[in-house]
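Working notes for the structure below.
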Amino acid sequence: MAIRYNLWLDPDNVAQHRAVEADLERYFMERFADYPHIRLFGADPYDYDAPFNRLYDVLMARANEYCERQWRGYVPTPEQLNRTFFRAVGRSNKFVRDPADGDPDRPNA
């Protein structure tokens, strides 16, 4: 199997990788605006039918296609997609967390 990921093929092209990642983060933020508020996880974070998990799968596939089209064949690594997705989740106001989501570091407010 041939290596396809641009980050692996040309690791020294840092400027391009950063630009692609910034664009992917913007892409995710724009896609989140298309949805009503989304509840994060809930009782079972491994419920693959939960809205957040379904959204993740769909947006990962679409972002990969977008990146290859927009950046003329640039193939992001799964890690790049995942990292930019969760950075966008962290910045977005579209996601709602359950009060008891199991995050011990989150203060109870």
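Starting from 1, each residue takes its place in the sequence as its number.
- In this structure, E68 CD and Q70 CD are separated by 12.5 Å, a value rounded to the nearest 0.5 Å.
- Note: F28 and F32 have parallel aromatic rings, judged against thresholds of 30 and 60 degrees for the angle between ring planes.
- Taken from CG in L55 to CG in D34, the straight-line distance is 10.0 Å, to the nearest 0.5 Å.
- In plain terms, the two heavy atoms of V75 and N6 that are nearest each other are N-OD1, 2.7 Å.
- Here the side chains of W71 and P76 are not in contact, with every heavy-atom distance at 4.5 Å or above.
- With no hydrogens or angles considered, a side-chain donor-acceptor pair links Q80 and Y74 at under 3.5 Å.
- With respect to the salt-bridge test (charged N to carboxylate O, under 4.0 angstrom), the residues E25 and R83 do not qualify.
- Here the closest heavy-atom approach between residue H17 and residue L7 is recorded as CE1-CA, 3.4 Å.
- Between D57 and R54 there is no salt bridge, since no side-chain N of the basic residue sits under 4.0 Å from a carboxylate O of the acidic one.
- When all heavy atoms of F85 and M60 are compared, the pair lying nearest together is CB-CE, 3.2 Å.
- Distance check, rounded to the nearest 0.5 Å: CG of L81 to OH of Y5 gives 9.0 Å.
- How far OG1 of T77 is from CG of L9: 11.5 Å, rounded to the nearest 0.5 Å.
- Residue E21 holds its CD atom at 9.5 Å from SG of C67, rounded to the nearest 0.5 Å.
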**OP:** Would you please test R62 and R31 for side chain to side chain contact (heavy atoms under 4.5 Å, CB included) and show each step?
**Re:** CA-CA 10 Å; R62 289 181 184 171; R31 297 298 75 73; 5.7 Å; no
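- No continuous path of hydrophobic side-chain contacts links L24 to V14 [ILVMFWY only; heavy atoms under 4.5 Å].
- Considering only residues two or more places apart in sequence or on other chains, Y27 meets the side chain to side chain donor-acceptor pair (under 3.5 Å) condition with none of them.
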